[in-house]
Asks: 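Please see the structure below; I have some questions.
Note that the structure is a prediction, hence the values are computed from the model and not measured.
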Amino acid sequence: MTPDRERRLFRYYPEDFGALPVRVVHMDLVFDVYDGHTRVSSALTAGTLDAPLPSLSLNARDLDILRVESAGYAVTHTYDRSAALLTVAFDPPVPPRTEFTLDTETICRPSTHVLEGLYYDGLCPGGPPTQITQCQQWGFQRLVPCLDDMTAKCTYTTTIIADNGYTATISNGDPAGARIPCAPGRSMQRYENTKTPMAPYLFFLGVGCYDTHRREFEYPDGRTFALELLVKPGSDAAAAERALDILADAVMWVHLFTGPAQYRDPGTREEVWRLVRVRDEAKRSGDARALEETRKSLKELISTITPGYAYTGAVYREIAMQNSDFGGMENVGNTTIAANRIMPGTDTTDPAFEYLVRVKAHEYYHNENGSEVTGWSPFEIWLNEAVTVHVENQHHAFLFGETYSRIKTVLDLLDPAAGTLTLDRGAGSMPIEPDGFNDPNDLITGVTYVKAPEFVRMIETLIGREGFAEALGRYHDRFRHANASRADWLRCMEEVSGQDLTTMAAVWLKEKEYPVLTVSPAYDPAARRFTLSYRQSRSPGGRVWEFPFRFALVDTTGGDIREATVRIADEAGEIVLDGVDRPAFLSLNRGYSFYGKTAYRPPEDELYLQVEKDPDTVGRFTAFLALADREMLRLLEDPHAVVPARFSDLCAALLADDALMEEAGGQFLTIFPSVEDRRFAHHYRVLHDARREILAAVAARGGEILLRVYRQAAGAPSSGPGSLEEEAAAIRRRQRKNACLSILATLDTPEVHHLLLRQFQEATAATDRLAAFSRILESSIPERLEILDGFAAESAKSPTAWESFLATVAASDCDDLVPILQRIESSPTFSIEQADQQRALYGRFALNRKRSLETEEGRGYLAEILRRLAPVNEYSTVRALDAFAFLENMEPRHRVPAVAVLADLLATLDPGAYPAVYNNARRFLLGAPEAVRAYEAEHGAIPALRSPAP
């Protein structure tokens with residue numbers, strides 16, 4: 001037991017997960033599916049360990065228990081519904097080291113809004129309701145009595161009996177024969193998942209009506225399997241084929257560019273990549289001769305290298321899910337992906353397209369990392385996800401460019417609204433491996449998907465990419481078809497590299513926050529010696545961080561004098577470089593080599609020179625952010641300050657730099673509504689207004705340059721879908737164009753209104769149209785509300801467009817925002833049960849803190865949202881609570897009213913029914929003691945902070 005359990009902040013702690021009482025061998029399942037319930041017959045085969053087994057407790061949540069039997073044993077059972085446990089007693093006890101089979105017959109019922117277990121996901125046209133499962137992490141126990149544990153890996157056979165009106169009945173594994181009639185109006189389909197033992201959370205079952213699109217995937221050596229895409233009836237066939245092409249690219253990329261030997265023979269791998277596209281085009285065109293010749297070349301080339309992972313099944317499916325807490329979920333051969341992200345279309349925005357490319361590679365790679373090799377417990381979900389995201393990032397960089405991809409990640413780190421570095425210092429932050437959690441979904445955060453991959457990347461930097469690839473390959477080979485702990489993963493890294501990584505990991509995985517490295521340079525001209533003194537901040541637990549630090553001395557022309565990567569492992573020290581000339585500037589934390597921040601305040605001239613000359617474009621970008629931070633702070637400290645012409649000219653010049661924009665995209669010109677100075681860091685309105693003042697100054701001084709760049713981009717001919725590399729280039733160009741438009745929009749003049757209206761009316765790309773619409777909504781254009789209503793009606797015709805519309809409006813800054821959102825909520829198209837709409841409308845509004853926390857109207861609306869959303873979807877509610885991460889640092893006049901929102905929420909919530917929401921709200925308040933004291937001085941004690949947690 002955890003000490004002091006009554007005052008614990010979490011429902012689950014590491015000691016709640018121990019060794020299983022039996023070895024799970026196989027599950028033979030029969031699902032008899034009806035509209036309102038499913039009857040499940042299960043034959044669970046397990047083996048006892050070294051002692052007799054008198055009883056066995058199975059996880060069973062919200063099931064009707066009809067029958068429990070075991071051949072050769074008299075059994076009795078008790079079902080504790082509140083504890084979700086079915087306990088079976090055997091008479092006599094099952095002997096040691098003996099296999100036995102436990103037969104159960106139960107009923108589960110699909111939900112409309114609990115997106116776990118079996119739930120409804122739309123309707124078949126004129127037929128039965130679509131039903132799908134979501135089992136991460138404990139959804140399987142909502143289907144059948146089981147040992148719902150990540151270590152309960154076993155093989156499966158699954159039979160689905162369902163209405164003939166379903167076009168697809170799907171589960172894990174390969175089909176064992178055709179779907180056959182079994183009763184009037186019903187049919188049966190059997191699947192065998194017997195090659196790869198599977199953890200329960202990876203189980204999938206789906207019955208629905210889909211358009212199924214299929215293509216053959218062919219490896220370079222000639223092996224084949226089928227790719228299938230299951231999407232909503234009536235979906236665009238060309239878009240589905242494009243989605244399959246993108247998936248096929250991801251599967252081939254994993255085969256060619258991952259694995260222990262991935263960095264050997266790069267030229268051969270690139271040539272195979274090129275020839276695969278030639279071969280596939282020959283297939284499409286029916287050119288038999290070219291096909292034969294290309295296949296021969298491919299077989300010869302692939303035999304000379306060691307490729308990476310190859311899929312082991314006969315079919316790999318992607319299935320569209322309309323309602324889910326997740327954008328995608330791997331399920332051994334059946335990946336579910338949000339319907340709004342599974343295939344590209346005219347309503348797909350550029351960020352959504354990038355996500356689409358990422359999620360396909362990510363979920364497919366989980367077949368090896370996560371499915372074949374699985375972590376031990378939910379505390380190590382990060383291990384499954386971080387390595388997979390690391391590979392996903394490599395795939396994204398391969399297609400979109402290393403620089404563009406890395407800047408994208410740096411923006412995810414630094415974003416002041418929901419960036420990982422920002423939230424990692426908030427009251428709700430948890431370590432990569434936290435002390436506890438309330439619900440496994442608590443672990444699906446930026447810490448798992450951004451910070452943990454950055455930890456993995458730091459390991460790669462320290463041991464070298466070739467060593468990392470070899471170690472990862474060793475990890476996958478050693479623990480294939482088994483479970484592995486983070487100690488197992490680290491051991492493989494240490495064996496290959498010969499480095500101690502365990503000490504480093506102990507801090508990074510178990511402590512929240514991040515290091516701040518303060519540096520001070522000195523140069524001795526006589527000795528030609530450069531010294532960089534450093535001191536790092538300690539972790540919240542008082543420990544020293546270990547991390548790679550990459551930096552360079554750079555001359556006035558932008559040439560590197562010397563570059564170095566060092567392992568920082570002490571609190572303070574010096575790095576000495578001999579025989580070097582005096583640098584013109586320092587390029588620090590190159591490529592963002594460590595997860596954290598560097599504290600260094602060089603002269604302003606050096607920063608300007610770095611923005612213009614640093615050969616590391618990520619260094620140029622962080623230098624620009626540092627300049628922008630200084631300008632923001634100048635405006636905040638002095639109400640009479642003006643934006644200097646030098647900075648305005650720099651912004652315009654960067655957008656006019658063709659080479660930079662082609663490499664980095666318009667994202668380079670990001671000016672956050674934030675400052676590093678803690679006096680102002682969470683004063684949201686004044687920060688927003690200061691940023692707008694800077695952009696207005698850029699527009700006023702550089703307007704002609706911005707108009708020229710904008711018109712040049714707007715006049716470029718649009719082309720249809722090309723290769724992914726061509727799509728990436730088009731996205732970078734659109735970013736540049738819309739960055740110009742956004743800056744010009746601050747002028748709010750009739751000329752700018754004309755630009756906005758024209759782009760909104762004529763745009764062919766969804767991103768261009770939304771960019772114009774968001775600026776129109778915040779403008780003084782007289783017909784802005786008329787445009788809003790018309791765009792709402794148009795967007796409501798497409799779930800993808802509707803989601804984008806909701807997010808754009810919720811994030812906007814206009815005085816009538818709350819009435820606008822309330823009007824949108826009343827639309828028949830809006831559904832509070834749909835997770836994508838919850839995230840888009842409620843999640844985006846919550847993080848729009850200048851409106852949601854710093855206005856009375858916004859706080860009232862947010863309080864209403866949280867009360868209504870908690871019973872519908874805890875996960876979305878918890879994510880909305882992130883808005884309160886910095887209560888303690890808000891302006892004093894806003895603290896007490898913001899605390900009141902959480903205090904009132906806690907007073908109305910049943911902590912047993914909504915533990916994740918309740919405990920996270922408590923954590924945010926406990927992390928803001930001064931704000932709470934101020935509230936309690938006015939309103940009295942908050943009872944929830946003085947009573948035991950559930």
Asks: For Tyr684 and His682, what are the C-alpha separation, side-chain angles and deciding distance, and is it a side chain to side chain donor-acceptor pair (under 3.5 Å)?
Replies: CA-CA 5 Å; Tyr684 306 111; His682 299 285; 3.2 Å; yes
Asks: Does a side chain donor of either Glu372 or His476 reach within less than 3.5 Å of an acceptor in the other side chain?
Replies: no
Asks: I'd like to know if the side chain of Arg543 and the backbone of Ala506 have a donor-acceptor N/O pair within less than 3.5 Å.
Replies: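 Yes: the side chain of Arg543 pairs with the backbone of Ala506.
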Asks: Is any side-chain heavy atom of Thr409 closer than 4.5 Å to one of Glu454?
Replies: yes
Asks: Would a 4.5 Å heavy-atom cut-off, applied to side chains only, mark Tyr595 and Met458 as touching?
Replies: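 SC-SC contact between Tyr595 and Met458 confirmed.
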Asks: Counting only heavy atoms not in Glu402, do more than 12 sit closer than 6.0 Å to its CD atom?
Replies: no
Asks: With a 4.5 Å cut-off on side-chain heavy atoms, are Tyr449 and Ile444 touching?
Replies: yes
Asks: Is Arg486 paired with Glu380 through a side-chain N to carboxylate O contact shorter than 4.0 Å?
Replies: no
Asks: Would you check if the side chain of Arg922 reaches a backbone N or O of Ala944 as a donor-acceptor pair within less than 3.5 Å?
Replies: yes
Asks: Within the side chain of Asp477, is there an N or O that forms a donor-acceptor pair under 3.5 Å with the backbone of Arg474?
Replies: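 The answer is no, because no donor-acceptor pair under 3.5 Å joins these two groups.
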Asks: So which atom in Glu571 and which in Val544 form the shortest heavy-atom distance, rounded to 0.1 Å?
Replies: N-CG1, 4.0 Å
Asks: Write down the atom of Asn483, the atom of Gly375, and the distance for their closest heavy-atom approach.
Replies: ND2-O, 3.0 Å
Asks: Among residues at least two apart in sequence or on other chains, which ones pass ring-ring contact (aromatic ring centres under 6.0 Å, His included) with Phe551?
Replies: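 Phe551: ring-ring contact (aromatic ring centres under 6.0 Å, His included) contacts with Phe549.
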Asks: Under a 3.5 Å threshold, yes or no: a donor from one side chain and an acceptor from the other, between Ser371 and Asn367?
Replies: no
Asks: Would you mind reporting whether Leu115 and Asn873 have side-chain heavy atoms less than 4.5 Å apart?
Replies: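 Side chain of Asn873 against side chain of Leu115, heavy atoms only: contact under 4.5 Å found.
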Asks: Looking only at atom types and distance, does a side-chain atom of Lys512 sit under 3.5 Å from a main-chain N or O of Pro540, one as donor and one as acceptor?
Replies: no
Asks: Looking only at heavy atoms, which two atoms of Leu202 and Gly370 are closest? And how far apart?
Replies: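 Here Leu202 and Gly370 meet closest at CD1-O, 4.0 Å.
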Asks: Taking all heavy atoms of Leu881 and all of Ala921, pick out the closest pair and write down the distance.
Replies: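 Distance-wise, the nearest heavy atoms are CD1-N, 4.0 Å.
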Asks: Going by an N to O cut-off under 4.0 Å, is there a salt bridge joining Arg839 and Asp836?
Replies: no
Asks: Would you check if the side chain of Asn59 reaches a backbone N or O of Asp148 as a donor-acceptor pair within less than 3.5 Å?
Replies: yes
Asks: Please check this pair: side chain of Gln141 against backbone of Cys146, looking for a donor-acceptor N/O pair closer than 3.5 Å.
Replies: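 No; zero donor-acceptor contacts below 3.5 Å.
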Asks: Taking the six-membered ring for Trp, are Phe437 and Phe379 closer than 6.0 Å centroid to centroid?
Replies: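 Judged by ring-centre distance (under 6.0 Å), Phe437 and Phe379 do meet the cut-off.
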Asks: Sub-3.5 Å donor-acceptor pair from the side chain of Ser429 to the main-chain atoms of Gly426, do we have one?
Replies: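 No, because the side chain of Ser429 does not come within donor-acceptor range (under 3.5 Å) of the backbone of Gly426.
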Asks: When you check the gap from the basic side-chain N to the acidic O, do Glu495 and Arg478 get nearer than 4.0 Å?
Replies: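 Salt bridge present between Glu495 and Arg478.
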Asks: Applying side chain to side chain contact (heavy atoms under 4.5 Å, CB included), run through Tyr475 and Leu490 and close with a yes or a no.
Replies: CA-CA 9 Å; Tyr475 167 75; Leu490 286 167; over 6 Å; no
Asks: In the structure I gave you, are the side-chain heavy atoms of Tyr918 and Asp910 within less than 4.5 Å of one another anywhere?
Replies: no
Asks: Over all heavy atoms of both residues, which pair between Ala880 and Ala846 is shortest? Give the atoms and the distance, please.
Replies: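 Looking at all heavy atoms of both residues, the shortest contact is O-CB, 3.6 Å.
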Asks: Decide yes or no on side chain to side chain contact (heavy atoms under 4.5 Å, CB included) for Tyr534 and Gln536, but give the supporting numbers first.
Replies: CA-CA 7 Å; Tyr534 64 83; Gln536 66 156 300; 5.6 Å; no
Asks: Under 4.0 Å between a Lys/Arg side-chain N and an Asp/Glu carboxylate O for Arg480 and Glu368?
Replies: yes
Asks: Out of curiosity, Ser852 OG to Tyr842 OH, how far, rounded to the nearest 0.5 Å?
Replies: 14.0 Å
Asks: Got a second to check how far Gln137's CD is from Ile381's CD1, nearest 0.5 Å?
Replies: 3.5 Å
Asks: Going by atom types only, do Asn369 and Thr388 share a side-chain donor-acceptor pair under 3.5 Å?
Replies: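 Indeed, the side chains of Asn369 and Thr388 share at least one donor-acceptor pair under 3.5 Å.
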Asks: Would you please say whether a donor-acceptor pair under 3.5 Å links the side chains of Arg879 and Gln838?
Replies: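 Distance-only check fails for Arg879 and Gln838.
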Asks: Looking just at side-chain N and O atoms, do Gln394 and Tyr365 make a donor-acceptor pair shorter than 3.5 Å?
Replies: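 Tyr365 and Gln394 do not have a side-chain donor-acceptor pair below 3.5 Å.
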Asks: Would you call the rings of Phe924 and Phe884 parallel, tilted or perpendicular, where under 30° means parallel and over 60° means perpendicular?
Replies: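 Geometry flag for Phe884 against Phe924: tilted rings.
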Asks: Quick one, Cys492 and Glu470 - any side-chain contact, counting heavy atoms below 4.5 Å?
Replies: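 Answer no - side chains too far apart.
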Asks: Please identify each residue that fulfils side chain to side chain contact (heavy atoms under 4.5 Å, CB included) with Thr503, with sequence neighbours left out.
Replies: Asp500, Glu546
Asks: Between Glu676 and Lys597 (salt bridge meaning N to carboxylate O under 4.0 Å), is one present in this structure?
Replies: yes
Asks: How far does CZ of Arg61 sit from CD of Glu116, to the nearest 0.5 angstrom?
Replies: 7.5 Å
Asks: If I take atom CD from residue Gln134 and atom OG1 from residue Thr336, how far apart are they, to the nearest 0.5 angstrom?
Replies: 5.5 Å
Asks: Could you walk me through whether Asn889 and His683 satisfy the side chain to side chain contact (heavy atoms under 4.5 Å, CB included) test, starting with their C-alpha distance in whole Å, then the side-chain angles of each, then the deciding distance to 0.1 Å, before giving a yes or no?
Replies: CA-CA 8 Å; Asn889 306 107; His683 297 185; over 6 Å; no
Asks: Does any non-hydrogen side-chain atom of Thr448 lie less than 4.5 Å from one of Thr445?
Replies: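 Contact flag for Thr445/Thr448 side chains = yes.
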Asks: Please check this pair: side chain of Gln499 against backbone of Leu462, looking for a donor-acceptor N/O pair closer than 3.5 Å.
Replies: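 Yes, the answer is positive, given that a donor and an acceptor are paired below the 3.5 Å cut-off.
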Asks: Sub-3.5 Å donor-acceptor pair from the side chain of Arg895 to the main-chain atoms of Met890, do we have one?
Replies: yes
Asks: State yes or no: are the ring centers of Phe203 and Phe140 separated by less than 6.0 Å?
Replies: yes
Asks: For this output row, return yes or no: ring centroids of Phe594 and Trp508 closer than 6.0 angstrom.
Replies: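 Distance test on ring centres: not under 6.0 Å, no.
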Asks: Give the intermediate values and the outcome of side chain to side chain contact (heavy atoms under 4.5 Å, CB included) for residues Ile942 and Leu902.
Replies: CA-CA 10 Å; Ile942 301 174; Leu902 291 184; over 6 Å; no
Asks: Minimum heavy-atom separation for Phe10 to Asn438, with atom names?
Replies: CA-OD1, 3.2 Å
Asks: How long is the span from the CG atom in Leu517 to the CG atom in Leu532, to the nearest 0.5 Å?
Replies: 7.5 Å
Asks: I'd like to check the salt bridge (charged side-chain N to carboxylate O under 4.0 Å, His left out) partners of Asp488; sequence neighbours left out, ordered by chain and number.
Replies: Arg491
Asks: Counting only heavy atoms not in Arg550, do more than 12 sit closer than 6.0 Å to its CZ atom?
Replies: yes
Asks: Between Pro673 and Pro416, is any pair of side-chain heavy atoms under 4.5 Å apart?
Replies: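 Counting from C-beta outward, Pro673 and Pro416 do come under 4.5 Å.
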Asks: Answer yes or no: is there an ion pair linking Asp424 with Lys451, defined by an N-O contact shorter than 4.0 Å?
Replies: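 Yes, charged N to carboxylate O under 4.0 Å.
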Asks: If you measure only the distance, is there a donor-acceptor pair under 3.5 Å linking the side chains of Thr335 and Glu363?
Replies: no
Asks: Between Arg679 and Glu891, is there a salt bridge with N-O shorter than 4.0 Å?
Replies: no
Asks: What's the spacing between His362 NE2 and His390 NE2 if we round to 0.5 Å?
Replies: 13.5 Å
Asks: Before accepting this row, confirm whether a basic side-chain N of the pair Glu392/Arg358 lies closer than 4.0 Å to the acidic partner's carboxylate O.
Replies: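 Yes, charged N to carboxylate O under 4.0 Å.
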